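Here is the structure we will look at.
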Amino acid sequence: MKTITKILLSLSVAGILTSCDAGKNQENGNGELSVIPQPVNIKISTGSFEIKNHTTVYCKSDSLVNAGKYLSQQLGGLEIKSGSGGGINLIIADEEVNGIGSEGYKLNITNRRIDIIANEPAGIFYGIQTLLQMLPPVILNSSGQDYSLGEVSCSEIEDYPRFKWRGLLLDVSRHFFTIDEVKELIDQMAAYKFNILQLHLTDDQGWRIEIKSMPELTDTGAWRVPRTGLWWDREPPKDGEKATYGGFYTQEEIKDLVKYAAERYVNILPEIEAPGHSLAAIASYPYLSSSGKEYKVNPGSKFYGIEDNSLCPGKETTFEYLDKVFSEVAELFPFEYIHIGGDECYKGFWEKCSDCRARAKENGLKDMKELQSYFVKRLEKILESKGKKLIGWDEILEGGLAPNAAVMSWRGMEGGIAAAKAQHKVVMSPFSHAYIDFYQGDPAVEPPTYAMLRLNKVYTFEPVPEGVDSTYILGGQGNLWTESVPAFRHAEYMLWPRSFCSFRGILVTRKKQGLAGICSPYRI
């Protein structure tokens with residue numbers, strides 16, 4: 001990302017909706033800072049520290065060199081030294097700082113120096129994000145003369161996240177986004193302390209990740225016939241029509257992306273849909289379905305219940321396919337979880353399938369929901385053999401939840417509540433508050449989507465329901481599905497400001513959950 005772009009992004013809205021003097025992005029008059037999300041504890045005093053082009057970034061230990069380089073780059077190339085001094089000091093505490101955990105930090109600003117203190121490098125990185133947001137937009141001077149990058153108010157700041165899971169989902173199957181665009185999103189997420197990016201890599205409309213043992217998944221599954229117009233009203237593929245729209249990420253690109261994200265303390269959660277939403281895979285390898293028919297990758301035309309888009313749980317070849325795919329996926333993504341989807345699985349073809357009926361009979365399964373549960377439980381064993389944990393949408397509860405599975409609750413809070421009460425880990429992501437592909441403005445000027453989700457509604461999202469043990473709630477997540485989002489600029493429009501201003505329950509401790517507690521510049 002270009003130097004200081006993130007600072008400009010951070011302040012592009014705040015600079016419009018709040019006023020500050022030309023020298024510093026000051027407190028807003030309520031004892032708070034124009035920082036998103038608002039830190040847990042803030043004590044502002046008189047005076048300021050002026051960051052100049054010759055200010056030095058000091059790294060107290062070798063583990064902070066990367067953070068120092070990051071900060072230096074964001075501010076136009078400040079000098080980096082080891083030790084400490086009268087500049088910006090990055091410090092891992094000699095003794096653990098109580099109460100801030102591994103991602104928290106203390107930011108102390110006097111008129112002589114700035115100290116960012118944390119227990120772990122992740123905390124230092126998040127302290128840097130707060131410091132960058134405290135600066136006004138910067139105009140770099142290439143003349144080499146002495147000049148100021150801006151002033152920051154003298155203050156004592158303590159901050160730490162409420163949840164370990166602060167996520168966003170980007171659907172790259174319905175519309176493909178380039179590696180550079182995904183990196184841009186990662187930079188934006190890091191600026192606001194989101195730490196998990198779920199990439200929806202496969203669906204009926206496209207397979208987006210190279211699997212070397214099964215090349216047809218990208219040779220065929222990554223491409224569909226070009227179509228424009230309203231989603232689900234598009235013309236189906238014609239015989240002989242070339243599939244030219246799409247794309248995929250090579251494994252080398254994925255490795256580079258994972259590394260880029262890790263440097264910004266963002267974990268990438270891959271989602272490989274199974275057993276439903278698998279038409280792109282079935283178009284590549286027809287034997288994976290119960291019907292065995294040949295289909296095309298869907299371009300946005302109606303097909304659900306008409307074409308067989310669910311993997312067949314009755315055939316052993318299905319589980320051989322899953323083992324190959326997840327072997328390669330597990331090698332590429334170091335994050336502890338892999339998302340398997342599990343939602344909206346049409347079972348009509350299973351009911352007609354002799355292999356599925358035989359599988360159900362052999363295992364004493366009374367219906368197709370229990371057959372799906374059998375499928376998910378076997379997939380969980382495959383993932384565990386590769387050192388990974390399974391997470392899926394709340395439909396994986398139906399027919400019996402896999403023993404160690406985590407649940408991402410999307411059809412409301414009920415699935416998450418049931419999973420938490422059964423002592424399973426949960427990520428709350430209800431469509432009522434977290435589906436940021438829904439309209440946010442006037443439907444007359446936005447592409448058609450499924451429902452309305454205004455900023456003030458998302459803002460009320462609380463991931464921990466009453467009566468639920470919060471230790472089972474990993475956190476929350478906002479999801480951007482892209483049926484009607486064909487370009488990255490449009491994706492940004494849908495993501496911001498709802499994501500950083502509205503998911504106050506994910507980002508901010510209860511102490512700071514008033515309206516000003518996450519995005520004080522905004523008035524809803």
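Everything numeric in this text was worked out from a predicted model, so none of it was measured.
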Listed by chain and number, what are the ring pair (Phe, Tyr, Trp, His ring centres under 6.0 Å) partners of Y439, not counting sequence neighbours?
-> none
State which residues pass ring pair (Phe, Tyr, Trp, His ring centres under 6.0 Å) with H200; sequence neighbours excluded, sorted by chain then number.
-> W481
Report the residues that fulfil salt bridge (Lys or Arg N to Asp or Glu O under 4.0 Å) with E252, sequence neighbours left out, ordered by chain and then residue number.
-> K255
Go through the structure and list residues passing side-chain contact (heavy atoms from CB on, under 4.5 Å) with D62, not counting sequence neighbours.
-> none
Flag the pair E79 / S72 as yes when at least one side-chain heavy-atom distance between them is below 4.5 Å, and no otherwise.
-> no
Residue list, ring pair (Phe, Tyr, Trp, His ring centres under 6.0 Å) with Y126, at least two apart or on another chain | none
Only pairs under 3.5 Å count here: list side-chain donor-acceptor contacts from residues 329-340, not counting sequence neighbours, and write none if there are none.
from: E336; atom 1: OE1; to: K389; atom 2: NZ; distance (Å): 2.9
from: H339; atom 1: ND1; to: G341; atom 2: N; distance (Å): 3.0

Going by the salt bridge (Lys or Arg N to Asp or Glu O under 4.0 Å) test, which pairs reach into residues 98-111, not counting sequence neighbours?
-> E103-R166, K106-E158
side-chain contact (heavy atoms from CB on, under 4.5 Å) involving S409 - partner list, sequence neighbours excluded = D394, M428
Using the salt bridge (Lys or Arg N to Asp or Glu O under 4.0 Å) rule, collect all pairs that involve residues 433-449, keeping only residues at least two apart or in two chains.
-> none
In chain order, what residues pass the side chain to side chain donor-acceptor pair (under 3.5 Å) check against S63, with sequence neighbours excluded?
-> S61
Does the pair L169 and Y435 meet the rule for a side-chain contact (heavy atoms from CB on, under 4.5 Å), with working shown?
-> CA-CA 10 Å; L169 175 148; Y435 270 41; over 6 Å; no
Which pairs count as salt bridge (Lys or Arg N to Asp or Glu O under 4.0 Å) when at least one residue sits in residues 463-483, sequence neighbours excluded?
-> R174-E483
Return the set of residues passing ring pair (Phe, Tyr, Trp, His ring centres under 6.0 Å) with F49 (not counting sequence neighbours), or none when no residue passes.
-> none
